[in-house]
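First the structure, in the form of structure tokens, and then the observations on it.
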Amino acid sequence: MIPTSVEILNKDAGALRVASVNVNGIRAAYKRNMADWIAARDVDILCLQEVRAPDKILRDLIGEGWHILHAEAKDKGRAGVAVLSRTEPVAVREHIGEDYFAESGRWVEADFDINGESFTVVSAYVHSGELGTQKQEDKYRFLQRMNVRLVELKNEKDHVLVVGDLNVVHTEKDIKNWKPNHNKRAGVMDEEIAYFDGFFGEIGYKDVARELAGDVQGPYTWWSFRGQAFDNDAGWRIDYHMATPALAAKAIKSCVDRASAYDLRFSDHAPLVVDYQF
């Protein structure tokens, strides 16, 4: 049984399907039937965050048919990001470019050739943060480094896609309960949001899912496992596809694969799936 009640997202001929999901531990996600979701979605490139497992375990679970780029975190059981692809990358880079984050398991880049065009995919996992702690300081340092790397990538390449759990809501449309959280919780602080104003403003990336969804509330990608958040759709939109303008113009469809019931979720995040027509 497919453990999600997803919108039917028929894949057009020649489209490239890219999905991103924070799995909240790949072993736990597979115990909750994540493999059934993968089998049903015909994904070409699958980006994971919070893998939280050694490389061998990830490869054993994913199985044959995938090229796997995986950056483990130095701290066992923490973070970890991956890019899984049906075609082999032509080049890979395994961290964001600052030694402080070299073994944090939060950033990997893979370059592909898609119908003769260069295409770079980044799987990113921004710190969740915690106000008044080193975790929050690390989050701001990582976001500042993203400012640098996003500009570098955009200046080097036409088709760049940064996906993942970026752990910041950009606007009131991206969280169910704005007022009780705004400037009170990590992820909803004006100082964090200002970075996203820059990503989607001066730096020039596009928020693909938002542009395809329009000016609507959500669709959310994360709901706490606690309480009735999922049943009440009290969610946060913190998972993104951030694309350079030339690539964003190729985005034709997007879907959040929200499970049909709380007990059918394989993670506290839902996959964000986008089709690009090259």
Side-chain angles (χ1 to χ4, degrees), residues 6-22 37-38 40-49 66-67 69 81-93 107-124 146 149-166 170-171 173-174 196-216 218-219 221 237-257 270-278:
V6 298
E7 172 188 342
I8 298 301
L9 189 63
N10 293 323
K11 188 173 174 183
D12 293 356
L16 180 78
R17 177 162 291 175
V18 183
S20 176
V21 60
N22 178 322
W37 172 80
I38 293 176
R41 293 307 268 150
D42 193 17
V43 172
D44 299 295
I45 298 175
L46 175 58
C47 296
L48 308 178
Q49 301 87 45
W66 293 94
H67 297 274
L69 168 63
V81 291
V83 176
L84 284 54
S85 58
R86 294 298 190 182
T87 59
E88 187 173 3
V90 297
V92 299
R93 294 164 297 278
W107 187 276
V108 287
E109 302 175 3
D111 298 337
F112 298 91
D113 184 300
I114 307 295
N115 297 336
E117 297 188 75
S118 177
F119 176 47
T120 295
V121 177
V122 178
S123 181
M146 281 182 68
R149 188 57 185 149
L150 289 175
V151 171
E152 292 172 345
L153 287 169
K154 185 170 179 282
N155 288 342
E156 294 168 3
K157 307 166 187 294
D158 290 331
H159 302 115
V160 179
L161 180 64
V162 179
V163 306
D165 176 7
L166 304 187
H170 187 209
T171 74
K173 299 284 187 183
D174 300 322
F196 283 68
D197 291 341
F199 297 162
F200 299 129
E202 182 180 354
I203 293 178
Y205 282 74
K206 301 294 183 181
D207 185 347
V208 174
R210 169 56 67 213
E211 295 200 354
L212 289 173
D215 188 25
V216 299
T221 61
R237 191 179 78 93
I238 53 177
D239 299 87
Y240 292 83
H241 278 227
M242 299 196 333
T244 49
L247 178 62
K250 298 181 185 296
I252 55 175
K253 299 176 184 178
S254 71
C255 178
V256 174
D257 281 1
L272 176 59
V273 185
V274 181
D275 287 358
Y276 297 87
Q277 189 71 64
F278 277 77

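Note that the numbering runs from 1 along the sequence shown for the chain.
For D239, the side chain to side chain donor-acceptor pair (under 3.5 Å) criterion is met by T221, H269, not counting sequence neighbours. R149 is linked by a side chain to side chain donor-acceptor pair (under 3.5 Å) to E109, E152, counting only residues two or more places apart in sequence or in another chain. Applying the side chain to side chain donor-acceptor pair (under 3.5 Å) rule to H170 yields the partners D197; only residues at least two apart in sequence or on another chain are considered. Shown here are the salt bridge (charged side-chain N to carboxylate O under 4.0 Å, His left out) partners of K157, two or more places apart in sequence or in another chain: D111. Looking at residues two or more places apart in sequence or on another chain, you find no salt bridge (charged side-chain N to carboxylate O under 4.0 Å, His left out) involving K206. Checked against salt bridge (charged side-chain N to carboxylate O under 4.0 Å, His left out), K154 has no partners two or more places apart in sequence or in another chain. For R210, the side chain to side chain donor-acceptor pair (under 3.5 Å) test picks out D174, with sequence neighbours left out. Residues satisfying the ring-ring contact (aromatic ring centres under 6.0 Å, His included) criterion with F119, sequence neighbours excluded, are F278. Judged as a salt bridge (charged side-chain N to carboxylate O under 4.0 Å, His left out), and not counting sequence neighbours, D113 has no contacts. For F112, the ring-ring contact (aromatic ring centres under 6.0 Å, His included) criterion is met by no residue, not counting sequence neighbours.
Shown here for D165 and Q49, the closest heavy-atom pair between the two residues is N-OE1, 3.4 Å. What you find for V162 and A124 is that their closest heavy atoms are CG1-CB, 4.4 Å.
Residues Y205 and V160 have side chains in contact (heavy-atom distance under 4.5 Å, counting atoms from C-beta outward). With contacts defined as side-chain heavy-atom distances shorter than 4.5 Å, the pair W107/V122 qualifies. Taking the side chain as every heavy atom from C-beta outward, F199 and L166 never approach each other to under 4.5 Å. Annotation: side chain of H67 is not in contact with side chain of V92 (no heavy-atom distance under 4.5 Å). You'll find the side chain of Y240 reaches within 4.5 Å of the side chain of F200, heavy atoms only. Taking the side chain as every heavy atom from C-beta outward, L247 and D158 never approach each other to under 4.5 Å. The shortest side-chain heavy-atom distance between L161 and I45 does not fall under the 4.5 Å cut-off.
With R17 contributing its side chain and R41 its backbone, the two residues share a donor-acceptor pair below 3.5 Å. A donor-acceptor contact shorter than 3.5 Å links the side chain of H159 to the backbone of S118. Between the S123 side chain and the L48 main chain, a donor and an acceptor come within less than 3.5 Å of each other. When atom types are taken as modelled, the side chain of Q277 and the backbone of A13 share a donor-acceptor pair closer than 3.5 angstrom.
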- Task: Given side-chain contact (heavy atoms from CB on, under 4.5 Å), test K11 with D44 step by step and report yes or no.
- Result: CA-CA 11 Å; K11 188 173 174 183; D44 299 295; 2.7 Å; yes
- Give the intermediate values and the outcome of side-chain contact (heavy atoms from CB on, under 4.5 Å) for residues D207 and R237. CA-CA 12 Å; D207 185 347; R237 191 179 78 93; 2.6 Å; yes
- Message: Could you walk me through whether V163 and L272 satisfy the side-chain contact (heavy atoms from CB on, under 4.5 Å) test, starting with their C-alpha distance in whole Å, then the side-chain angles of each, then the deciding distance to 0.1 Å, before giving a yes or no?
- Response: CA-CA 9 Å; V163 306; L272 176 59; over 6 Å; no
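Within 6.0 Å of CD on E156 lie more than 12 heavy atoms contributed by other residues, nucleotides or ligands.
Evaluation of the salt bridge (Lys or Arg N to Asp or Glu O under 4.0 Å) test over residues 240-256, restricted to residues two or more places apart or in two chains, returns D12-K253, E117-K250.
One distance of note links CG of D275 with OG of S254; it measures 9.0 Å at 0.5 Å rounding.
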Mind listing the side-chain donor-acceptor pairs of residues 83-91 below 3.5 Å, one per line with the distance, residues two or more places apart or on another chain?
| unit_1 | atom_1 | unit_2 | atom_2 | d |
| --- | --- | --- | --- | --- |
| S85 | OG | T87 | O | 2.7 |
| R86 | NH1 | G65 | O | 2.9 |

